[in-house]
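Each chain gets a letter, A, B and so on, in the order the sequences are listed, and its residues count up from 1.
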Amino acid sequence: MSAPDRQAALDLYRVMRTIRAFEERSSKLFAENKIWGTIHSYAGEEAIAAGVCAHLRDDDWITSTHRGHGHCIAKGADLGRMFAELLGRETGYCRGRGGSMHIADTSKGNLGANGIVGGGIPIATGAALTARQLGTDQVAVSFFGDGAVNQGTFHESLNLAAIWKLPVVYVCENNQYAESLPVKRAFAVDDITKRAAGYGMPGVKVDGRDVRAVHAAAGEAVARARSGGGPTLIVADSYRHEGHYYGDPRKYQTKDEIEGWRKRFDPLADARVWIASDGLATAAELDAVDRAVAEAIDRAVEWADEGPIASPITLPEDVYAGD
Amino acid sequence: MSAPDRQAALDLYRVMRTIRAFEERSSKLFAENKIWGTIHSYAGEEAIAAGVCAHLRDDDWITSTHRGHGHCIAKGADLGRMFAELLGRETGYCRGRGGSMHIADTSKGNLGANGIVGGGIPIATGAALTARQLGTDQVAVSFFGDGAVNQGTFHESLNLAAIWKLPVVYVCENNQYAESLPVKRAFAVDDITKRAAGYGMPGVKVDGRDVRAVHAAAGEAVARARSGGGPTLIVADSYRHEGHYYGDPRKYQTKDEIEGWRKRFDPLADARVWIASDGLATAAELDAVDRAVAEAIDRAVEWADEGPIASPITLPEDVYAGD
Amino acid sequence: MQATETRAPAATRELFYNEALNDALRLEMQRDERVIVIGEDIAEHGGAFQVTAGLLDLFGPTRIRQTPISEIGIVGAAVGAALTGLRPVVELMYVDFAGLAMDQIVNQAAQNRFMFGGQARVPMVLRTQGGSGRGNAAQHSKSLEAWFAHVAGLKLVMPATPADAKGLLTSAIRDDNPVIFLEHKLLYRTKGQVPEGEHLVPLGRADVKRQGNDLTIVTWSREVLFSLEAASRLAAEGIEAEIVDVRTLVPLDKEAILGSVRKTHRLLVVHEAIKRAGYGAEIAALIAEEAFDDLDAPPRRLAGLETPIPYARHLENSVVPQVDDIVRAAKELVG
Amino acid sequence: MQATETRAPAATRELFYNEALNDALRLEMQRDERVIVIGEDIAEHGGAFQVTAGLLDLFGPTRIRQTPISEIGIVGAAVGAALTGLRPVVELMYVDFAGLAMDQIVNQAAQNRFMFGGQARVPMVLRTQGGSGRGNAAQHSKSLEAWFAHVAGLKLVMPATPADAKGLLTSAIRDDNPVIFLEHKLLYRTKGQVPEGEHLVPLGRADVKRQGNDLTIVTWSREVLFSLEAASRLAAEGIEAEIVDVRTLVPLDKEAILGSVRKTHRLLVVHEAIKRAGYGAEIAALIAEEAFDDLDAPPRRLAGLETPIPYARHLENSVVPQVDDIVRAAKELVG
Ligand SMILES: Cc1ncc(C[n+]2csc(CCOP(=O)(O)OP(=O)(O)O)c2C)c(N)n1
Ligand SMILES: Cc1ncc(C[n+]2csc(CCOP(=O)(O)OP(=O)(O)O)c2C)c(N)n1
Ligand SMILES: [Mg+2]
Ligand SMILES: [Mg+2]
């Protein structure tokens, strides 16, 4: 896998910055009681969605999670329609029916965030079955957390993909916790990729903070899937900067741990260092990206805020198709 | 693990012969329309139940499967009450409510056959949790087939047992098929024990035709569990002499395969050779065991046949406890 | 795309219920390459009840996709396939196993379209079978239609005859929504005349299987046959029962039931599932609500006893409505 | 062992609903070392709704057993533990996740005793919560009581007040059968007087939360509070509604409902779950069947619309019965 060139590097950085900015703004809107329900911040894990989705076409599919804003953005979603959904507007991706945990953008192959841990894994597997069945070279990627690895859906799906050699990449985002449960208490093995061997597929461990590493590992896995080489399990080590959900008291973590990791583990800061030191772009250019992203976020929120409130009258329309 | 002495060898042989004879008689009764529903013969797999249960006490627990007669007998069940259940009598283990797929004998720690593939795995895990919680040295053993290994219950349970170091032994009876699906089409790995490593527990492959090998492997695993060493996955290669169920047309197998395996793979024949050649007992003594077993089966069927038909009136009694 | 009634077909042929289902699968797979079948033992073995017999030879192992024993993985894969362009037909061997896959059925298949604000369609059929009568005991004999009926986003079909089985399965496969298609293990070897070639029975239309003026028996699946048998015995005693086979529980043909009750003024709902919170309660409540003044007697439910299904034959028959029970209940209702 | 009503307790204390549940768990764990709690996030975090807050410090990590995200593994382990001598209380974070564990709940926990001919007891409680009103959308807002009510072998409890929550959870833990204990996410922060110390409310007894002669409102869980609010507004207009809180859906206190309907001659059943095949149908059908001649009007159901629960606040409230809807329905029924 060739390392990202200037354009690719800037794209990766922009996507990561956009995700970070989206999450910061979402938290602000939530604090202002403009967002209902619950939101889960992807801050700190941006390199995974960005590095993986850089290899996907609009007609490739992904399944996402409750922590799905990052995947959605990396797969090319419109920020305005995303915010509009969080604000419960008719102009939102789900007409206000779904909210944060169910944003989908089928026009870009995003089969949806999912409120069920592990719920997207068999769905991505089925999407890969479609590609296989119709003889296309499309690829499906399933994002899920370390917690989802102990769901039966993970087990059954990886086995099906392995015996059928399906074009799917399983991306486990190991952010060290499943809600309050630390990964070391959820597994008796230190390395989650060990599970891959039991299904007969390659397992790859990668530093989820380093977008170049993720990009390289995902590039290989996606290429393998596209060329008929079958599935791969990627486990990307990561850390979530925020609580599990907005407002999480985080009783299960110490201040030191949180602060330490936040500093040590910031894919955006790392990317700036890498890009500048490799001379792919200057700090000034990266600052310009940051400003452009900030403006895009402002415009998106404005647009979303102008959208009409979703109407209860039309709810029945979306229960059944073709009626 | 010390090899079985004369008494242990005769006991193992008697248990295996009893299982074989029970299955032969059950098939006969089924052919005579005396048994309702469906039965699954354990013939060919006797060495597994016998070799494992030889290490268990009456207060240890097992969970069994739809192919459960062998486990039930090896755990010390009364043959008469087993036949009575198959014949739908009040004197049957389940008063005619359960039939072949649900025979249980809680007095001997048999938590039941199970009609749900993989359904017993979490239950055995929970039994082990009881031992752990109450600080006893009881052990739980879960028997299941190769097909159950691809159920989510297998995955979730083995992980729980591993992180909690529970006193449980998982015994996979790999008889090469799950109904009509050959094991090689259900797995992309040739060795099912590879799954154990993903949970952080030992995985042991054993020749399920050789009762000494099963006995040795199970002895180690049970001792490990009893002494607080945690769970083990044992995979015993085996073959079922009969169809999946009584009447299975076996379209998915060739005559040659069936006959070849039947000859090559008969744990009883093997045991006779071993016991005789090691001078633990003479062929005549083993023949005597066979005759004693045949008589026991006859007596059991007679006793069962004299039992009263189960009464519909009392059905509600068994729906809720203590009402 | 809603199926529409086809004009009376040229020829019919006597088929078993499972042959009629097989016929529908074959025709739809020939008509549309996006239709695949996925499930356990459906290939060489032809399915636990021989519904897919012979299809492996016709369509090969990729379209007749035999799976390991992984119910939630299979159903979830079908959801993903349906979301992305296939029209999968899942065979779940026993409805009793639905408890393993319920999350993908309910939280995913049934709700994806709604949660996504109409962006998605999930054109899949979940074929399975339920019911007692074969001594398979409590984990292989349930009738769980009430669970599925209580889920917004699912359609629910329960054919009683070979012709309905073929026509409804064809409509289910062409429907763009997740359809739960519940067969009955003791109907597979029942025979009936079945239209040759394309045959569609629209979802949402009940069928009056027998006319009568004295009471309305609303029922479905195997109890339709029991009710017809009971009706002829009742006729011998001068009681004319009208048998309304709802065929599809969701959408329900309310008008057909109301129409019949307005004529007979008496309602008996018969089903095999346990009575408590069964689908019969929905129908009895619906009629009590909307046709209260048309009723000359309380709406009556005859259903399974509140116990799991026991193994022994005589025990098994004692907990689900038999022909005698229907005759007795009908007489009490009119008498 | 069936719980029995305890004499009026000495003192009471105002507690939140989740504190009352916590109190019951603490007392039962102190009373019986076989009682353990098993579930996700129940340790340091104290549970998604703080029902187990502080119990880790009191009882340690073996009796407050926090698990990975493995619903069927957890529920199945509880079944095995219950079969062998423990009295586990499972916390399933959302009832919407029951679809992952339904097999162990229904095919194992509910049926083991029956299938084994009475040899076994499965003394376990599955605590979980449902309902809408927090913007959690379609996978975190369901009301699934009808599923559990349709299963022979389960008991089903849905407390509406802190005192009932404590008393019923205590009885559920002491019951020798699998009990599904459904809380409501918007009740946790409601307050009420709760008896101190041991407090038992027997399973199977309804509670008339308000007396009235004009109509009977049968309801449970959060809709009890809505109904009481509606009742006071109705009273202002001279309509006296009797509110029957069933509290336990299985076993159901049929006599209490019949008694009230025989007095008021009008029945309105109110619940949050979707109407189609909801538990309200069971109650309406039951009353239509057994008190037909006592009814002066058709039995009426007011329940959730047949859509998944949407996210946006105003959409969410539009699909489940609100106080206004109850007032309107009651007026229609008596008017
Ligand atoms: C099946 C299921 N069980 C439990 C939950 C509650 N829950 C939501 S997120 C979460 C933790 C998920 O952890 P992980 O998979 O590591 O993802 P992360 O939140 O760390 O990104 C849990 C337990 C759920 N949504 N679905
Ligand atoms: C959850 C579930 N799925 C499917 C079935 C139908 N079924 C009964 S036995 C069986 C095959 C089991 O294979 P295996 O686990 O290898 O056990 P074996 O029959 O070979 O002893 C199947 C698919 C079932 N009983 N339960
Ligand atoms: Mg995590
Ligand atoms: Mg097998």
Side-chain angles (χ1 to χ4, degrees), chain A residues 116-119 121-122 125 128 132 144 146-168 170 172 174 178 181-203 205 224-225 228-233 235, chain B residues 116-119 121-122 125 128 132 144 146-168 170 172 174 178 181-203 205 224-225 228-233 235:
Chain A
I116 301 299
V117 169
I121 304 176
T125 307
R132 190 70 192 285
F144 51 87
D146 46 282
V149 173
N150 288 318
Q151 272 286 327
T153 49
F154 168 90
H155 180 66
E156 299 187 9
S157 300
L158 267 69
N159 186 64
L160 289 176
I163 61 174
W164 292 341
K165 271 188 157 298
L166 297 180
V168 55
Y170 299 102
C172 172
N174 179 3
L181 187 70
V183 101
K184 58 183 174 315
R185 276 164 58 191
F187 293 86
V189 285
D190 48 12
D191 180 358
I192 293 176
T193 60
K194 286 200 179 134
R195 297 242 167 124
Y199 304 109
M201 73 173 72
K205 197 166 186 298
R224 179 182 301 121
T232 304
L233 171 64
V235 177
Chain B
I116 301 299
V117 168
I121 304 176
T125 308
R132 190 70 192 287
F144 51 87
D146 46 282
V149 173
N150 288 318
Q151 271 286 329
T153 49
F154 168 89
H155 180 66
E156 299 186 9
S157 301
L158 268 70
N159 186 64
L160 288 176
I163 61 174
W164 292 340
K165 271 185 159 296
L166 296 180
V168 54
Y170 298 103
C172 173
N174 179 4
L181 187 70
V183 94
K184 58 184 172 315
R185 275 164 58 191
F187 294 85
V189 285
D190 49 11
D191 179 357
I192 292 175
T193 60
K194 287 204 177 128
R195 296 246 167 121
Y199 304 109
M201 72 172 71
K205 198 165 185 301
R224 179 182 302 122
T232 305
L233 171 65
V235 177

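Chain B forms the most heavy-atom pairs under 4.5 Å with one residue out of A:Ala196, A:Gly198, A:Gly152, and that residue is A:Gly198. Among B:Lys194, B:Lys165, B:Glu156, the residue making the largest number of heavy-atom pairs under 4.5 Å with chain A is B:Glu156.
Taking the side chain as every heavy atom from C-beta outward, A:Arg195 and B:Tyr199 approach each other to under 4.5 Å.
Taking every heavy atom of both residues into account, A:His155 and B:Gln151 meet most closely at CD2-O, 3.3 Å.
Residues of residues 183-190 of chain A lying under 4.5 angstrom from chain B, judged on non-hydrogen atoms, are A:Arg185, A:Ala186, A:Phe187, A:Ala188, A:Val189 by number.
With a threshold of 4.5 angstrom between heavy atoms, A:Ala162 approaches chain B through its backbone and through its side chain.
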